[in-house]
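The structure under discussion appears below in the form of structure tokens.
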Amino acid sequence: MFAIYKRELRSFFTTPIGYIFCAIFLCFSAGVFCYSTLYQMSADTTTYFTAMLFSLVILVPLLSMRSFSEERKTKTEQLLLSAPVSLTGMVMAKFLASYTVFFGCTLVSSLNFIILYTHAEPKTALILCNLAAFLLVGMAFLAIGIFISAMTESQLAASVITVATLLVLLLISMLNSLISVSWIRFLLSGLSVFSRYQNFSNGIFDVAALVYYLSLTALFLFLTVRVFDRRRYA
Amino acid sequence: MIKIEHLTKSYGTHRAISDVSFEIKEGEIVGFLGPNGAGKSTTMNILTGCLSSDAGDVLVNGLDILKNPIEAKKLIGYLPEQPPVYPEMTVSEYLGFVYDLKHCTLPKREHIDEICDVVRIADVKNRLIGNLSKGYRQRVGIAEALVGNPPVLIFDEPTVGLDPKQIIEVRNLLRTLGKNHTVILSTHILPEVQAICGRLIVIDNGRIIADRPTDELTRVIRDSRRYRIRVAGPVNEVLAALRGVGGIRRVEAETDRDGEASTFLLESAAGTDVRRAVFFALSEKGLPIYGLEPVGRDLEDVFLQLIENGGELPAEKPAARRRK
């Protein structure tokens, strides 16, 4: 499993995709940060984190799209499947490798906050709370992206479907206000990623949301394992 | 070493293999022979745990590949139809990755260097796999299968895409490996298995139609009692003269006629050499022989016959005309 993790992580940076991801991530976060705090002369990071959350719709597919579809296309997955590694190990290794890149970029982009401390007195707890939520949402989204990537051998299809899925997940809460049937609203608000996120942005560390994001991650990683298990029987 | 019992696999409504059973002992080199789409790759994918069967068991050294996959897979080195290489890695990086992936315990650098020497890729070790030619990639794939020195090696069409010199090299390599490994090799190229394998499993339409030692199949080939003879003279006269010779079971005129000479195909009864009698019979009639040569039946003929006859060796039956 560690071998796959290592190879995967390295392949992000021996192919352009890792650099593209980091560049977009860091440029976007820096730009948004300048605009939402420095330019507005405010220490409030709510806008920043909301924008970052929506940027995940584009950023996550960049990381996840090739994870399994590429292996399937180049038939290298046969090497992994015939190797003495469990399916769970294989999926976890892929997930952790892409999450490492995501985590690293988030850490680097957090250097932005240092500027705030030199000019104002931002609420550290609020920032940390938001960061934690951002990392959790990223985790769930990556798991979804990897699951979609495991189902197709076309990277393009994987990325397009991932973008659509993530967008829907984020926009459910907005859609919800248009629906008058109460049980549908209840159901949709249960699925909404964004409405749960709002608690964090208000500085409330919502344990229910934590459980929600973690179980979303676990569910999709489990489903990915099932995709492989199922494909062997197909 | 490997035991397969009643393996069946369908893709949707298409039945890829049905009721395939065989057993392979330690140290055997077995050729897995069949036309394209016969179910060779499917069987190999099941054998290596990449695919699961609808029914049946695969036991590698007593370990079930589905119930005990990790232990069983450690015993197998597999080269799929398309070498599973990552184009963005160099050869040595790739082999290092495979080494870690297989949890090898042999000394890493020495082991990889040794494999590179064996399959002759030492000179491209630091090049990106994506920039290598098909032949080199194929050999990197073979190297991948050898990493960890597993006792069972499974190669799916290992010589595809290689040039003739490399093909000979790979065959020699496989023969060497066969001395201390159990090797299964799939191919649709007959001389290949003839050259390497001690035993042949012939598969067609997802069924095993023959499972015999290669000797037995090649003996049939050596036992040729067919001759092609060129005689100058009218076809009817020659036919009549040949039919008069004792011990000839069948005479056939072939259609190609070159000036005055025509070609005939003779088949003698078992255990008789009719060449002498044919010579005297024809010279008596004043029909000069321009040429007489035995027609070898190659494995291809035998193979086609096996498919036609549902697995029976064509020992006493008249052979089919050689396919051109």
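First the proteins, then the strands, lettered A, B, ... as listed; each starts at 1.
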Do [X] and [Y] pair up side chain to side chain, a donor and an acceptor below 3.5 Å, judged on atom types alone?
X: A/T152; Y: A/S154; answer: no
X: A/Y35; Y: A/T47; answer: no
X: B/E81; Y: B/S41; answer: yes

**Request:** List the atom of B/K40, the atom of B/G34, and the distance in Å for their closest heavy-atom pair.
**Result:**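 The answer is NZ-O, 2.7 Å.
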
Centre-to-centre under 6.0 Å for [X] and [Y], is that the case here?
X: A/Y48; Y: A/F113; result: yes
X: A/Y5; Y: A/F95; result: no
X: A/F102; Y: A/F141; result: no

[X] portion near chain A, given a 4.5 angstrom heavy-atom threshold:
X: B/Y99; answer: neither
X: B/E71; answer: neither
X: B/Y78; answer: side chain

**Request:** Using a cut-off of under 4.5 Å on heavy-atom pairs, state which of A/E77, A/M1, A/E71, A/Q78 scores highest against chain B.
**Result:**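 It is A/Q78.
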
**Item:** Atom pair CG (B/N205) and CZ (B/R15), whose distance is rounded to the nearest 0.5 Å
**Value:**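 The distance works out to 12.0 Å.
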
**Item:** Close contacts, residues 6-14 of chain A versus chain B, judged by heavy atoms under 4.5 Å
**Value:**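 If one takes a 4.5 Å heavy-atom cut-off, the residues of residues 6-14 of chain A near chain B are A/K6, A/R7, A/R10, A/S11, A/T14.
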
